[in-house]
Amino acid sequence: MTVRTTSAGTERAAALPDGTLRRDLLTWYDRERRPLPWRERPSAYGIWVSEIMLQQTTVATVMTRWRAFVDRFPDPAALAAAPLEDVLAAWSGLGYYRRARALHEAARQVMAAGGELPRDVAGWRALPGVGPYTAGAVASMACGRRAAAVDTNVARVLRRLHCRDAEADRGLTAAALARLADRLVDPDRPGDWNQALMDLGAAVCTPAAPSCDACPLAGGCQARRGGDPAAVAGRRAGPGSTAVALSFLVIRCGRDLVAAPPGSEPGVRCPGLGAPVRDGFAGLYAGLWGLPSTAWYPAGGDVPRAAFAAAWGAALGEGAETPQHRGTVRHAITRYRLRVEVFATAVRPGWRPPAPWVRCGPARLPQLPWSSLARKALGRAGAANEI
DNA sequence: GAATCGTGGGT
DNA sequence: TACCCAAGATT
């Protein structure tokens with residue numbers, strides 16, 4: 001790091017005075033800021049919802065879902081009053097469903113405490129689903145508090161600003177980064193400052209190929225001075241993924257479909273496929289409805305359609321037609337790569353599904369919180385138009 | 001501190 | 001195809 005002497009004569013580690021940094025970045029932000037729906041007529045509630053949705057989810061995805069959610073649940077009172085299943089249905093497809101459960105619970109806590117949203121970092125941080133980043137983001141953007149909000153974008157920008165190479169980057173602890181972020185927050189425009197850092201990280205100071213020529217802070221950037229800015233705060237090697245094979249069965253019963261309620265585990269066992277990698281969806285999709293499914297088996301070699309078909313035949317018992325293979329769906333869930341063999345069958349009208357599966361009529365089907373995976377499978381089975 | 005939890009898009 | 005990545009929180 002460079003050490004520079006300020007007009008006050010004190011030494012500190014920064015390539016540019018804080019005031020210059022703030023001015024340059026906020027000027028850039030005023031010109032380049034993205035038009036996002038939750039930035040129009042901002043409300044604390046709307047910003048809160050957007051920040052929960054944006055956790056590990058792209059802006060492009062949230063753009064397509066935020067409006068419908070806040071129209072459906074316009075304020076904390078409406079959200080708290082809604083059944084959890086309705087909230088999950090509105091969240092369906094966004095992933096990380098724990099967030100929806102936490103958001104719903106937080107709204108109930110807010111209403112139980114009088115209905116006023118928090119106005120400072122500590123108040124936000126106390127709500128479920130609100131961690132250090134989100135508390136700082138909402139407190140600064142919605143409440144005007146001078147709080148930092150360090151997400152992956154901000155961390156990358158600040159690390160590159162202050163670290164010349166990967167070795168210096170390793171020496172910058174998370175605590176030191178937090179102190180730096182706290183110090184830099186613009187006292188007059190804290191929310192804009194945080195969003196400016198995030199926009200810069202998203203659009204200019206990108207992980208693999210930063211556009212330093214377009215960066216308003218390039219003149220004070222240590223990583224650029226080092227010659228290889230992408231090497232600082234670079235990609236993090238994650239754990240590998242596991243390939244698995246499983247099967248869904250779409251059961252038609254007249255106009256009804258058979259669905260698997262939340263927590264209906266484990267999946268149907270398939271003798272001959274060896275030991276399952278995982279019992280099924282236990283621990284995933286908490287609170288969402290799914291389709292009758294098998295356990296998960298190691299993927300590789302031949303596609304075990306015959307074993308799946310046999311397992312389904314045994315699970316159904318009398319009164320069902322032989323399950324027919326309808327296709328294959330590929331999907332990824334966190335560390336698993338799924339290859340889902342989709343089967344379909346029809347049963348006579350009086351047939352009752354074995355527990356825990358249940359029949360659902362056409363009036364209810366569209367309202368169930370299905371996962372994206374279940375929707376894909378229903379599409380493959382030709383039943384997508386029913387949900 | 002590491003593992004876990006979804007999904008869609010980019011390379 | 002296979003990996004990386006995205007406005008993280010929780011355990």
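So that the names make sense, note that chain A is the first sequence line, chain B the second, and so on, each numbered from 1. Values below: every heavy atom of this structure, side chains too, minus hydrogens, waters and symmetry copies.
- Here A:Gly201 lies out of heavy-atom contact (under 4.0 Å) with every strand.
- Scanning residues 127-139 of chain A for heavy-atom distances under 4.0 Å to DNA chain C yields A:Pro128, A:Gly129, A:Val130, A:Gly131, A:Pro132, A:Tyr133, A:Thr134.
- Taken residue by residue, residues 46-67 of chain A places heavy atoms nearer than 4.0 Å to DNA chain B at A:Gln56, A:Thr57.
- Counting non-hydrogen atoms under 4.0 angstrom, A:Trp38 reaches a base of the nucleic acid.
- For A:Tyr97, a side-chain nitrogen or oxygen approaches OP1 or OP2 of B:dT7 to under 4.0 Å.
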Residues A:Leu338, A:Trp296; criterion side-chain contact (heavy atoms from CB on, under 4.5 Å); working and verdict | CA-CA 9 Å; A:Leu338 276 50; A:Trp296 299 10; 3.9 Å; yes
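- Here the rule is salt bridge (Lys or Arg N to Asp or Glu O under 4.0 Å) with A:Asp199, and of A:Arg33, A:Arg39, A:Arg31 only A:Arg39 fits it.
- Remark: the separation of the C1' atoms in C:dG8 and B:dG1 is 16 Å, to the nearest Å.
- Rounded to whole angstrom, the span from the CG atom of A:Leu373 across to the P atom of B:dG6 amounts to 11 Å.
- Residue contacts shown for A:Ala102 are absent, as no nucleic acid heavy atom lies under 4.0 Å away.
- For the pair A:Arg330 CZ and B:dT7 P, the computed distance is 17 Å after rounding to whole Å.
- At least one side-chain heavy atom of A:Leu368 sits less than 4.5 Å from a side-chain heavy atom of A:Cys360.
- Nearest-nucleotide assignment on DNA chain B puts the 5′-proximal partner with A:Thr334, out of A:Thr334 and A:Lys376.
- Side-chain contact between A:Leu103 and A:Phe69: present, with at least one pair of heavy atoms (C-beta onward) separated by less than 4.5 Å.
- When the side-chain nitrogen and oxygen atoms of A:Arg335 are compared with OP1 and OP2 of B:dC5, none of them lie within a distance under 4.0 Å.
- Between A:Thr345 and A:Trp312, the closest side-chain pair of non-hydrogen atoms is not below 4.5 Å.
- By the 4.5 Å heavy-atom criterion applied to side chains, A:Leu25 and A:Leu21 are not counted as neighbours.
- Counting only heavy atoms from C-beta outward, the side chains of A:Trp38 and A:Leu54 approach each other to under 4.5 Å.
- At the phosphate of B:dG6, neither OP1 nor OP2 sits under 4.0 Å from any side-chain N or O atom of A:His331.
- Comparing A:Thr206 and A:Arg125 by the nucleotide of DNA chain C whose heavy atom lies nearest to each, the residue mapping closer to the 5' end is A:Thr206.
- Residue contacts shown for A:Gly240 are absent, as no nucleic acid heavy atom lies under 4.0 Å away.
- For the side chain to side chain contact (heavy atoms under 4.5 Å, CB included) with A:Phe281, the lone residue among A:Leu373, A:Leu288, A:Leu291 that qualifies is A:Leu373.
- Judged by distance alone with a 3.5 Å cut-off, no donor-acceptor contact links the side chain of A:Arg156 to the base of C:dA6.
- A side-chain donor from one of A:Arg99 and A:Thr57 sits under 3.5 Å from a side-chain acceptor of the other.
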